[in-house]
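Data first, discussion second: the structure below is written as structure tokens.
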Amino acid sequence: MTQYFSWTPFHARLHQTLRQRRLLERGQRILIAVSGGQDSVCLAQLLHDLQKHWQWQLAIAHCNHGWRSDADANADHVKALTRHWQLPFYGRTAMEAILSEAQAREWRYAMLIDIARQDGYSCIVTGHTGSDRAETLLYNLMRGSGADGLQALTWRRSLGKELFLVRPLLDFTRSDTAEVCEDYALKIWYDTTNDDLSFARNRIRQEVVPYLQEHFNPQVETQLSQTAELLRADVTLLEALAARLHQRASDPHAIDRLNRSMLRSAPLALQRRVIRQFLKQQLSSPPQFDHVEKMLYLVKAPNRSQSDPFPGGAIAQVDGDWIVLKSSDPTDGGSKN
Ligand SMILES: Nc1ncnc2c1ncn2[C@@H]1O[C@H](COP(=O)(O)OP(=O)(O)OP(=O)(O)O)[C@@H](O)[C@H]1O
């Protein structure tokens, strides 16, 4: 392999991860989403270094949300880095005011997908790290999420027909990406909104994680990130098993009911999941923990038992072997229909 750069343990780790997890293919056209922050700049540098070996066609995309006074300078900085790497550059600027983080994210992904589709990139890569994953896990844990919310951030997911989102740095921590940027003397653009402690995410990053590292485990980010990884596999399995049971416990002629004797013989974890899947289909808003629990109670309850109302007014009632979700509106055939 011809190397024009010094092959560091970071290159080796990324190269191994890409191969073992089959995240990217040889010769692929890859769009790297670069904010200008240390994680995505590190990712771009490492992929650029590995490019010759993998024969990729790389390009950089930057989305200018226009909500910080230094947004244009940030975009110029990414453009300058792109010139340094001699890669094609795609810049997009928001034409309308973006009011929240969630809106920014939605707009950004729409732009990245648009660029990828127009110019034939089969993969968008982002600089999310294991530190992001650990923070997301902690954040969701405190909001009362089940395993599904804790399996934060996947390595690879589909963005629709023949387009994938890949996060190759999930086994890097933020201190790894800082080290790479330092080794290469890469200037990184500091996002001053990261200092705003009114955002829960920033408090987790700046206060909770350092506390846990100092007082409990210096490797806490890696450990939490690995926990998320294990949970993902567990959740995938459980969801598949639940989907199978859900199908068996459904009445093909009436979608508003579940066969409770079928559920009764299944483990509790599957009962809960089947009920959640059922309520997701039936209710107009995502079911919460207590919604699942009140329907779960009916699995073993006496005939004719019923729940108190779900959002929208529907109630669940036991009818022999079935739990039937009845709309509050007698003219309505079902709660969501
Ligand atoms: N303005 C941007 N332009 C291009 N890519 C960006 C931009 N902002 C973020 N990204 C990409 O997204 C990655 C994650 O960024 P960040 O953690 O700030 O966003 P997030 O809103 O948490 O992202 P996500 O919704 O994907 O979890 C970055 O490493 C980078 O690859």
Side-chain angles (χ1 to χ4, degrees), residues 10-11 13-14 30-49 58-85 87 89-94 98 100-109 111-112 115 124-136 138-139 152-153 155 165-210 221-222 225:
F10 294 118
H11 292 91
R13 193 191 315 168
L14 178 60
I30 298 169
L31 188 63
I32 312 171
V34 176
S35 61
Q38 67 179 55
D39 299 336
S40 51
V41 167
C42 161
L43 174 67
Q45 179 67 56
L46 294 179
L47 290 180
H48 172 263
D49 291 346
L58 300 176
I60 304 282
H62 176 76
C63 303
N64 182 347
H65 304 112
W67 62 6
R68 290 197 325 257
S69 57
D70 63 350
D72 291 344
N74 183 347
D76 289 344
H77 172 64
V78 176
K79 208 189 263 182
L81 279 172
T82 307
R83 268 198 303 273
H84 163 72
W85 289 313
L87 295 176
F89 176 77
Y90 297 87
R92 292 288 183 273
T93 304
I98 291 181
S100 67
E101 283 275 340
Q103 221 181 343
R105 186 178 299 140
E106 201 179 309
W107 173 77
R108 191 164 71 234
Y109 277 104
M111 291 300 110
L112 294 170
I115 298 166
I124 296 168
V125 292
T126 61
H128 291 97
T129 61
S131 306
D132 293 308
R133 214 184 200 186
E135 289 157 13
T136 308
L138 282 174
Y139 181 69
L153 299 182
W155 288 94
L165 173 68
V166 172
R167 299 179 172 115
L169 294 188
L170 289 181
D171 55 8
F172 281 57
T173 61
R174 202 165 289 126
S175 53
D176 293 333
T177 62
E179 197 177 323
V180 171
C181 292
E182 213 177 294
D183 287 352
Y184 278 84
L186 290 167
K187 184 170 177 263
I188 51 178
W189 204 267
Y190 188 70
D191 179 350
T192 46
T193 58
N194 287 339
D195 293 335
D196 183 349
L197 295 183
S198 64
F199 292 115
R201 288 296 187 128
N202 293 342
R203 287 202 302 280
I204 291 175
R205 179 177 299 180
Q206 299 201 21
E207 295 179 345
V208 180
V209 172
E221 286 175 300
T222 305
S225 177

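Small disclaimer: the values here were computed from a predicted structure and weren't measured. Residue numbers start at 1 and run along the sequence shown.
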Rounded to the nearest 0.5 Å, the CZ atom of Arg83 sits from the CD1 atom of Ile60 at a distance of 13.0 Å
How long is the straight-line distance from CG of Leu169 back to CG of Asp132, given to the nearest 0.5 Å?
9.5 Å
Closest heavy-atom pair, Cys181 versus Val41, reported as atoms and distance to 0.1 Å, is SG-CG1, 4.2 Å
In chain order, what residues pass the side-chain contact (heavy atoms from CB on, under 4.5 Å) check against Ala73, with sequence neighbours excluded?
Trp189
Going by heavy atoms in the side chains, are Leu14 and Phe10 under 4.5 Å from each other?
no
Exceeds 12 heavy-atom contacts within 6.0 angstrom, atom CD of Gln206:
yes
With side-chain contact (heavy atoms from CB on, under 4.5 Å) as the criterion, how do Thr126 and Tyr109 come out once you've worked through the C-alpha distance, each side chain's angles and the decisive distance to 0.1 Å?
CA-CA 11 Å; Thr126 61; Tyr109 277 104; 4.1 Å; yes
Run the numbers on Arg203 and Val208 for side-chain contact (heavy atoms from CB on, under 4.5 Å), then give the verdict.
CA-CA 7 Å; Arg203 287 202 302 280; Val208 180; 5.6 Å; no
Would you name the heavy atoms of Ser225 and Leu170 that are closest together and state the gap between them?
OG-O, 3.7 Å
I'd like to know whether Glu221 forms a side-chain contact (heavy atoms from CB on, under 4.5 Å) with Thr129, so could you lay out the CA-CA distance, the side-chain angles of the two residues, the decisive distance to 0.1 Å, and finally the verdict.
CA-CA 10 Å; Glu221 286 175 300; Thr129 61; over 6 Å; no
For Glu106, look at atom CD and say whether over 12 heavy atoms of other residues, nucleotides or ligands are found less than 6.0 Å away.
no
With sequence neighbours left out, write down each residue that passes side-chain contact (heavy atoms from CB on, under 4.5 Å) with Asp72, or none if nothing qualifies.
Asn64
For the student: nearest non-hydrogen atoms of Trp67 and Ser100, plus distance
CZ3-O, 3.6 Å
Interatomic distance, Leu31 atom CG to Leu58 atom CG [nearest 0.5 angstrom]
9.5 Å
Interatomic spacing from CH2 in Trp107 to CG in Leu112 - rounded to 0.5 Å:
8.5 Å
To the nearest 0.5 Å, what is the distance between CG on Leu81 and CG on Leu186?
6.5 Å
Locate the shortest heavy-atom distance separating Pro168 from Trp155; write the atom from each residue and the value.
O-CZ3, 3.6 Å
Say whether, by atom type as modelled, one donor and one acceptor occur between the side chain of Ser40 and the main chain of Ser35 under 3.5 angstrom.
yes
Arg92 side chain to Cys63 main-chain N or O, any donor-acceptor pair under 3.5 Å?
no
Check whether His62 reaches the backbone of Val34 with its side chain - one donor and one acceptor, N or O, closer than 3.5 Å.
yes
If you measure only the distance, is there a donor-acceptor pair under 3.5 Å linking the side chains of Thr136 and Arg201?
yes
Could you check whether any side-chain heavy atom of His65 comes within less than 4.5 Å of a side-chain heavy atom of Arg108, counting everything from C-beta outward?
yes
Using the side-chain contact (heavy atoms from CB on, under 4.5 Å) rule, take Val209 and Ile204 through it: C-alpha gap first, then chi angles, then the decisive distance, then the call.
CA-CA 6 Å; Val209 172; Ile204 291 175; 4.1 Å; yes
Separation between OG1 (Thr82) and NE2 (His77), nearest 0.5 Å, reads 9.5 Å
Identify whether the distance between the nearest side-chain nitrogen and carboxylate oxygen of Arg13 and Asp176 falls below 4.0 Å.
yes
Mind checking whether Gln45 and Trp85 have side chains closer than 4.5 Å, heavy atoms only?
yes
Of the non-hydrogen atoms in Ser198 and Asp196, which two are nearest, and what is the gap between them?
OG-OD1, 2.6 Å
Has the side chain of Ser131 got a donor or acceptor atom that lies under 3.5 Å from a matching backbone atom of Arg174?
yes
A side-chain contact here means heavy atoms from C-beta on lying under 4.5 Å apart; do His11 and Leu46 qualify?
yes
